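Being a predicted model, the structure only gives us computed values, none of them experimental. Numbers for residues simply follow the sequence, beginning at 1. First listed ligand is number 1; within each ligand, the first listed atom is number 1.
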Amino acid sequence: MRMLRALRFAPKPGKLWPRGVSTSPCPGLDAEVVIAGGGPTGLITALLLARWGVRSLVAERSTALTQHPQAHLINHRSMEVMRAVPGLTDQIWAGVPPLDQWRSFVYCGSMLGDLLGSVDHFPGQASPHLPLLSPEPVTHLSQHKLVPLLWQAALADPLVQVLAGCSVRSVRPGEGHVEVDIQERAAGTLRTLHGAYVVAADGARGGLRQAAGVELQGSAGLQHLINIHFVSPELGRRLRGREGMLYFVFSPATIAVVVAHNILEGEFVAQIPYFPPLQSAADFTPGACSRLVAAAIGDPAVPVELRTVRPWAMSGLVAATYQPHSRLFLAGDAAHVFPPSGAFGMNTGIQDAHNLAWKLAAVLGREARPSLLHSYSAERRPVALANMQLSVQNFYEALRIPKLMGLDYHTALRLNDTLTSPAVAWLPPGLRRSALEAGLALGQAAAPALGTLRSRDIRAALEGGETLRLQYPKEDLGFVYRSPDAALAPSAADLAEVDLAARPRPRHAPYTPATLVGGRLPHAAVDAVISRGWLAGGAAGPASTVDLPCLVASPTPLLLLLPSGHEALERRAWLAAAERLAPQRVLPVVLHLGPAPAGAAAERTNALELQCDPASGAWATTGGARVLLVRPDGHIGAKWSERVADAARAQGALEQALAAVMHCALT
Ligand SMILES: Cc1cc2nc3c(=O)[nH]c(=O)nc-3n(C[C@H](O)[C@H](O)[C@H](O)COP(=O)(O)OP(=O)(O)OC[C@H]3O[C@@H](n4cnc5c(N)ncnc54)[C@H](O)[C@@H]3O)c2cc1C
């Protein structure tokens, strides 16, 4: 067990403060933002706040990091978000196993036994990178290995104070601040901290959402599972040639999904469904777990070390609001829980943090009115609802192969319901449980024979892409924020595109990046910096357009992006407008697809001029966007498609957009 260390505000000697940050600790407050929970969501929130110059305090009730693996797939957008923390994605990459270890899902009678088929989710790819879509690929690193990296980064950051072993008990709004009661768990002492805002990132069972009276909407208890964490380097070795990220096991002795967290290290988690109340988590004794794991492996001689056993209930739930009161925000699992099918849980939490952190920074820095914070719930809740629906749909899709083998989950549920109904309540529970287990065993015993009989259908389903997917670029990168209160409405063309995107599409329809208001600024690989403009002397240039918002830490800047193709007159009009209106806050970027025209950089403007890879930046010439205003989270806040060659008109347009995006009046 790794122990966490408690730190006080302690700026490292020689470490530079981000631009615009006062070095005096927030007067009258213990921290500007108090974060309850040091899981992935809470830690990313703290790190992003620090990036924008905001001091935060993370209170985590545990004193040791959990070693039980949960999430393991980090999607494109989460990886992009984590590029804001210097060095973090490199550290993540150092821990990711080679792609061949996790590119496939394997369907089998047992991990070492009969093979029904497997699906390669990176066909034709030697690396997980999709260079036209993102500078970062999806990665496979377990949460219990990611979280220590986040802790390390948080502990090293002078703007983040960490209190381990401290539980947040309650949150009370005060006059212009919020009071947070914290209990030091070892000593039992209570104290009250004062912050400007609180982020409840205390997970699904932390209690702050419940205490704030916020309801969850959706379906609870879709399935009950036992997670058995085990280690077996020998199994890892014997899986050579049959490597996969997930093993769907259909054996007469067990039905399981085994997650290979790291085959090389022999680290696995078997997820095994059970049916309460006739079955219970207490049934999964070490002996029972060993037998189930041996059955899933398919060779009882393989040595296995059992680590931890945890029951959990799979649910699809989203909080009714993410802002219970003006100074309290819910993020991550405190705001939503999904089935793991699709791997959206932790990823959605990381992206909640990304949406919220810059808004808190802008409001605390008086660059935006507090009303900007209302857009957090308005923007993020619909994304969670969409991810929840997709994850639930994925869960049902994943039942397709077992159903072909006669293992119908709904039949098992009906049997359980019948045996727990009042009509048979008079039967002894032991008898009802035996009947349930006999029914389940019957299905499991018949599965291999049915699997052989229907092998052609199973293969067709696997080859036809009708089973659980691993990558979701459209949902991962293509989600679009639509705040109902945004003063700047998206254009009719944008709305048509968004509506089209929302309609059911063929499962494997390719994702085409576009410049939509509310959408993420797509990626274009930067080949060269032509002119440094506002970029500080020693600062490295961006590798991708998605890195642009991270180039300046504070105050939270907006980017005025001018894709190439403008006449000099039009470009000058926009650059002059930005310069006149808000020189520190609107940073112009000129994007050339391919080599810049001769003399382009000689205009001596404040603009950062970049030369981009025309293939990855192809989106910049489509969708009719002449000029884009990009928010600090890399989402497009405004888009102009008409030619504006007059500085006064450009200034008017920019002024209106700034007021809408930042909820501020410009005088
Ligand atoms: C089997 C399984 C597989 C999964 N696979 C994936 C995947 O591949 N990809 C993915 O994106 N997601 C996945 N998930 C979901 C993912 O694990 C969660 O979404 C993620 O842990 C949420 O992070 P969080 O920081 O919001 O909450 P948590 O991880 O729950 O962290 C909350 C933290 O708050 C602390 N805390 C609680 N109460 C208090 C309090 N009162 N005061 C102070 N501290 C408190 C807790 O100790 C904890 O450290 C999976 C989940 C499961 C169960």
Got a sec: does the CZ of Arg169 have more than 12 other heavy atoms crowding it under 6.0 Å? no
Using the benzene-type ring in the case of Trp, are the ring centres of Phe338 and Phe344 under 6.0 Å apart? no
Contact with ligand 1 for Gln271, non-hydrogen, under 4.0 angstrom: yes
Is there a donor-acceptor contact under 3.5 Å linking the side chains of His140 and Asn262? no
For this output row, return yes or no: ring centroids of Phe105 and His121 closer than 6.0 angstrom. yes
Does either side chain, that of Tyr472 or that of Asn347, offer a donor lying less than 3.5 Å from an acceptor on the other one? no
of all protein heavy atoms, closest to atom 16 (C) of ligand 1 is Gln143 OE1, 3.6 Å
Within the structure, does Leu208 bring an N/O atom to less than 3.5 angstrom of an N/O atom in ligand 1? no
Pairing donors with acceptors under 3.5 angstrom, does anything connect the side chains of Thr321 and Gln323? no
Check contact between Ser62 and ligand 1, using heavy atoms of the residue and a distance below 4.0 angstrom. yes
Report the part of Leu225 in contact with ligand 1, treating N, CA, C, O as backbone and CB onward as side chain, heavy atoms under 4.0 Å; options are side chain, backbone, both, neither. neither
Considering only heavy atoms, which of Gln183, Glu60, Arg205 lies nearest to atom 47 (O) of ligand 1? Glu60
Heavy-atom gap Ser78 to ligand 1 smaller than 4.0 Å: no
Atom 12 (N) of ligand 1: closest protein heavy atom, distance to 0.1 Å, is Met346 N, 2.9 Å
